[in-house]
Asker: 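To start, I am sharing the structure in question, which I have written as structure tokens.
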Number of protein chains: 2
Amino acid sequence: MDTSKLPANVFDPNCPSRVILQRIGDKWASLVIQVLGDGPVRFSELRKMVNVVTPKVLTQTLRTLERDGLITRTIHAQVPPRVDYELTEMGASLLEPLRMLREWAESHVPAILEARDAYDEEQDKAVLGPAGG
Amino acid sequence: MDTSKLPANVFDPNCPSRVILQRIGDKWASLVIQVLGDGPVRFSELRKMVNVVTPKVLTQTLRTLERDGLITRTIHAQVPPRVDYELTEMGASLLEPLRMLREWAESHVPAILEARDAYDEEQDKAVLGPAGG
DNA sequence: CAGGATCCATGTAGATACTG
DNA sequence: CAGTATCTACATGGATCCTG
């Protein structure tokens, strides 16, 4: 495949654009981004919104996002401590494609569930044999 | 959480729409879908396009996609054997959101790389200490 | 409040060898 | 050609405990 004309190409295993797609599939990253879409949120608020994530994992997620320039981390030197996370411009620009994907996902849930059901039934029949039903 | 009014919600850990997002981030799934965007492709062709995937992993990916109703698997009873994979209508409908995401990813690669560089430099400085530079 | 450190469970990818 | 079976390696997520 000739990819010399392209600045980036997901089909190239060495291309960083690959990791971006995987960032979207990250269990928490895309959720965090969407939560931050409404404005800055502090750590504890973030935890409440995604509900069941441990601080370690949330921190990991946030650091990765920060490193990639998608969010900023602002420390308020106060008592009690307060740290706000906010989308950067680049992070905000991801909101739209992400929203489309989320809408696709949410709207196709029933169809996918049906497909799975049908598939699993076929598999069961096959395992039981043609005379098993 | 009361989600009775919603058909689906990515913020609910129990909602299947979550796994869809992760399917997008799957190392091979989204690539396969995009390859199949041009029409049916057989197993060996698929392997060549994504190049480095082992048959086991590719099969796994394809089965999952098939189970979710995103692709179909057609066996041609011939010698040599031939199996074609093809997008379903639903699978094809994922092409658009996926393409947008891919474009976002590919176009933002430089900015992200820069952000990482900057971030890593800051970290190094912090580790060395204020008098270390 | 906002994490860091440590240990553990799991899932997913890959290597390798074999089959219809 | 198109897979399946088995084993291994590593990344990711989570539980628990501790700190500025």
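Below, read A as the first sequence line, B as the second, and so on, with proteins coming before strands; counting in each chain starts at 1.
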Asker: First locate atom CZ of Arg73(A), then atom OH of Tyr119(B), and finally report the distance between them rounded to the nearest 0.5 Å.
Answerer: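 Going from the CZ atom of Arg73(A) to the OH atom of Tyr119(B) covers 7.5 Å.
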
Asker: Atom CZ of Arg23(B) and atom C1' of dA13(C): how far apart are they, to the nearest Å?
Answerer: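 Between C1' of dA13(C) and CZ of Arg23(B): 15 Å.
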
Asker: Mapping Thr59(A) and Pro80(A) onto DNA chain C by nearest heavy atom, which one lands closer to the 5' end?
Answerer: Pro80(A)

Asker: Compute both the distance and the angle, then confirm whether Arg99(B) meets the cation-pi test with Trp104(A): under 6.0 Å from the six-membered ring centre, within 45 degrees of the axis.
Answerer: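 Verdict for Trp104(A): no cation-pi partner in Arg99(B).
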
Asker: Phe43(B) has an atom CZ; how far is it from atom P of dG20(C), in whole Å?
Answerer: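 Atom CZ in Phe43(B) sits about 18 Å away from atom P in dG20(C).
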
Asker: Distance check needed: dC1(C) C1' versus Ile75(A) CD1, whole Å only.
Answerer: 13 Å

Asker: Between protein and nucleotides 6-20 of chain D, map the contacts as a letter string: B base, S sugar-phosphate only, - none, heavy atoms under 4.0 Å, written 5' to 3'.
Answerer: B------BBB----B

Asker: Please report the interatomic distance CD(Glu86(A)) to CG(Leu36(A)), rounded to the nearest 0.5 Å.
Answerer: 8.5 Å

Asker: With a 4.0 Å limit, can you tell me whether Arg82(B) has a side-chain N or O closer than that to the phosphate oxygens OP1/OP2 of dA2(D)?
Answerer: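 False: Arg82(B) side-chain N/O out of range (4.0 Å or more) of dA2(D) OP1/OP2.
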
Asker: Determine which pairs satisfy salt bridge (Lys or Arg N to Asp or Glu O under 4.0 Å) with at least one residue from residues 19-33 of chain A, sequence neighbours left out, and list them in order.
Answerer: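 Sorted result for residues 19-33 of chain A: Arg23(A)-Asp68(A).
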
Asker: Taking everything shown except Gln78(A) itself, do over 12 heavy atoms lie less than 6.0 Å from its CD?
Answerer: yes

Asker: CG of Asp84(A) versus C1' of dA2(C): gap in Å, rounded?
Answerer: 12 Å

Asker: If every non-hydrogen atom of Gly25(B) is compared with every non-hydrogen atom of Gln22(A), which pair is closest and at what distance?
Answerer: O-CG, 3.3 Å

Asker: Only Watson-Crick and G-U wobble pairs, only distances under 3.5 Å, only runs of 3 or more: what stems does that leave for DNA chain C?
Answerer: C:1-20 with D:1-20

Asker: Just to confirm, is there a sub-4.0 Å distance from OP1 or OP2 of dA2(D) to any side-chain nitrogen or oxygen of Arg42(B)?
Answerer: yes

Asker: Name every residue in residues 62-73 of chain B that has at least one heavy atom under 4.0 Å from any atom of DNA chain D, in order of residue number, or write none if there are no such residues.
Answerer: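 DNA chain D contact set from residues 62-73 of chain B: Arg63(B), Arg73(B).
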
Asker: So, taking the atom named CG in Leu101(A) and the one named CD1 in Ile20(B), what distance separates them when rounded to the nearest 0.5 Å?
Answerer: 9.0 Å

Asker: Can you check the Gln22(A) CD to dG11(C) P distance for me, whole Å?
Answerer: 18 Å

Asker: For Gly69(A) versus Thr88(A), what's the shortest heavy-atom pair and its separation?
Answerer: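 For Gly69(A) versus Thr88(A), the nearest heavy atoms are O-OG1, 2.7 Å.
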
Asker: Identify each donor-acceptor pair in which a side-chain atom of residues 52-66 of chain A lies under 3.5 Å from a protein atom, sequence neighbours left out, and give them as a table.
Answerer:
residue, atom, partner, partner atom, Å
Thr59(A), OG1, Pro55(A), O, 2.8
Thr61(A), OG1, Val57(A), O, 2.9
Thr64(A), OG1, Gln60(A), O, 2.9

Asker: Over how many whole Å does the gap from Leu58(B) atom CG to dT16(C) atom P extend?
Answerer: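 It is 18 Å, rounded to the nearest whole Å.
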
Asker: Closest approach of Leu21(B) and Ser30(A), non-hydrogen atoms and distance?
Answerer: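 Heavy-atom minimum between the residues: CD1-OG, 3.8 Å.
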
Asker: Remaining members of Met100(B)'s ILVMFWY cluster at a side-chain heavy-atom cut-off under 4.5 Å?
Answerer: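 Members alongside Met100(B): Met100(A).
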
